[in-house]
Amino acid sequence: MAAGFDKLKQLIRKTPQVPNEEVEQPQEKLKLLLLGCGQVGKSTLYKQCCQLFGRELDRKTFASSIQSNVISGMQALLDKAKLLNPLWDENLLASQVIVEKLDSVCPLKVEEAQHLKYLWQDAKLQEAWLLQDTFQVSNNLEHFMNEVDDIAALDYHPSLLDVMHAETRTTGIIESDVTIQGRQVTLVDVGGQRNERKKWIHCFDQISCVVFVVNLNGYNRVLFEDEEQNRLLEDLACFEQIVNLANFKDTPFCLIFNFRDLFKVKIESSWDGQARELSRHLPTDLLGIVQGYITCMSAQLSQLFPDYQGGADYERGLAYIREKFLRLDRRVSNKPMCFATCMLDTPEVKDCMNQLITTLNKRP
Ligand SMILES: Nc1nc2c(ncn2[C@@H]2O[C@H](COP(=O)(O)OP(=O)(O)OP(=O)(O)O)[C@@H](O)[C@H]2O)c(=O)[nH]1
Ligand SMILES: [Mg+2]
């Protein structure tokens, strides 16, 4: 018995040691924290990732928030249109009364959608829509009004694009597990409005990467919760605070410059880009000229940053803003990865997240 035991001990000692690097280490789960101010696109990124890398979204559950977005969007637009132009004909007035009484938490009826459509097609509301940057209305309204008949139908089944356009303000902290590039990833989404940011500290532990989302389109818009504050300036101030926190001294950052679609259209139609075109129409339609003037002037990036000299150029505008953010990061190493995205664009988000995880996978 004892001899047999000795033999066994010898055998164990002789078993060749597998070199460390050949042993497959189970890869640690990554935890990505999505941060940024309100309405920058964090939850849209979260939804895209769940759809792409996790469990398919149950699209039907978004129908009520889409209907609510349509109603509240149209009510905000109506208020603006009335301020601009108090003269209304009888038909318009009748639709206005009906739409103003709609409750955004109730399902939208087919006949109510007809009144919404009638108003939306009117020149006065379209004039107000041109000035969308000057009041609180969501960009998704145009997309939803183009399919309002479907949205009001009883059998409405939102498309993936509708789901990505849907807006619900996040409160609290939401988590989901997905698999990207074979790596398990926990995504953490938070609310971005000022009163929500107090809760962020509860998710600062064990973060593999902070994904900080910026709304490029906010450079000429004010915050929902504070109409005295410019959105992009708020993004900059918030980023400066977060990136320099001791908690994130060694944490990789990813800066996502989102809304590149609207930013491109806006900067290219800014005063720098449109001055000549506008002056050609000067004597004919005065109201259009004045509104066009306001829109184009406010779309100039140099109105916010007087030292900006890139004019109506998308790439130069983006580079200028990116540089402004990067300069706020006072850490010596770990410079943020940067992406410009349209979060509604599913393949683009897929590519961006794959690149991010590939980079994080290479880290020791
Ligand atoms: N056109 C356009 N719309 C976008 C883009 N990203 C997000 N949106 C829309 O912007 C709105 C706000 O997006 P959310 O993802 O809800 O913003 P959030 O950062 O989660 O906002 P909070 O929850 O309030 O912090 C939604 O209607 C989105 O569809 C984009 O790149 N382009
Ligand atoms: Mg959100």
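When a ligand or atom number is given, it counts from 1 through the structure's own listing order.
- Minimum heavy-atom separation, Q48 to M343: NE2-O, 2.8 Å.
- With the Mg ion (ligand 2) as the vertex, OG (S43) and OG1 (T170) define an angle of 90°, rounded to 10°.
- For ligand 1, the atoms sitting less than 4.0 Å from at least one non-hydrogen atom of G191 are 25 (O), numbered in the order shown with element in parentheses.
- The line from CH2 of W88 to CG of L93 is 8.0 Å long, rounded to the nearest 0.5 Å.
- Across all non-hydrogen atoms, the minimal contact from W200 to G191 is NE1-O, 2.9 Å.
- In summary, the atoms of ligand 1 found under 4.0 Å from a heavy atom of N140, numbered by their order in the structure, are 27 (O).
- The protein heavy atom nearest to atom 24 (O) of ligand 1 is R169 CG, 3.4 Å.
- Of the listed options C37, G41, S65, S43, G41 places a heavy atom closest to atom 17 (O) of ligand 1.
- Taking the centre of each ring, F305 and Y219 stay at or above the 6.0 Å mark.
- Taking only non-hydrogen atoms, the option from N258, V265, D261 nearest to atom 6 (N) of ligand 1 is N258.
- The protein non-hydrogen atom at the shortest distance from atom 21 (O) of ligand 1 is Q39 N, 2.9 Å.
- For K42 and E196, the salt-bridge test fails: no basic side-chain N is under 4.0 Å from an acidic carboxylate O.
- Taking every non-hydrogen atom of M343 and a distance limit under 4.0 Å, the qualifying atoms of ligand 1 come out as 6 (N), 30 (C), 31 (O).
- Atom 27 (O) of ligand 1 has as its closest protein heavy atom H165 O, 2.9 Å.
- Counting heavy atoms closer than 4.0 Å to ligand 1, residue D189 contributes nothing at all.
- Below 4.0 Å from some heavy atom of C342 lie the following atoms of ligand 1, by number and element: 31 (O), 32 (N).
- The option with the heavy atom closest to atom 25 (O) of ligand 1, from among G192, S138, A166, is G192.
- Residue T44 has at least one heavy-atom neighbour below 4.0 Å for each of these atoms of ligand 1: 7 (C), 13 (O), 14 (P), 15 (O), 28 (C).
- For G36, the heavy-atom gap to ligand 1 stays at 4.0 angstrom or more.
- At the top of the distance list for atom 19 (O) of ligand 1, counting protein heavy atoms only, stands K42 NZ, 2.8 Å.
- With salt bridges taken as basic N to acidic carboxylate O contacts below 4.0 Å, one links K117 and D149.
- Q193 places no side-chain N or O within donor-acceptor distance of the main-chain N or O of G38, the cut-off being under 3.5 Å.
- Of all heavy-atom pairs between N215 and L232, the closest is O-CD1, 4.1 Å.
- Interface atoms of ligand 1 facing M164, defined by a heavy-atom separation under 4.0 Å, are 28 (C), 29 (O).
- The pair R260-E348 meets the salt-bridge criterion, since a charged nitrogen lies less than 4.0 angstrom from a carboxylate oxygen.
- Interface atoms of ligand 1 facing L262, defined by a heavy-atom separation under 4.0 Å, are 1 (N).
- Nearest heavy atom pair, residue T358 against residue N354, reads OG1-O, 2.7 Å.
- Near V40, the atoms of ligand 1 lying under 4.0 angstrom from a non-hydrogen atom of the residue are 17 (O), 18 (P), 19 (O).
- Closest protein heavy atom to atom 8 (N) of ligand 1: F259 CZ, 3.4 Å.
- Both tests do not hold together for K266 against F259: distance to the six-membered ring centre under 6.0 Å, angle to the ring axis within 45°.
- Salt-bridge check for E225 with R197: passed, with a basic side-chain N closer than 4.0 Å to an acidic carboxylate O.
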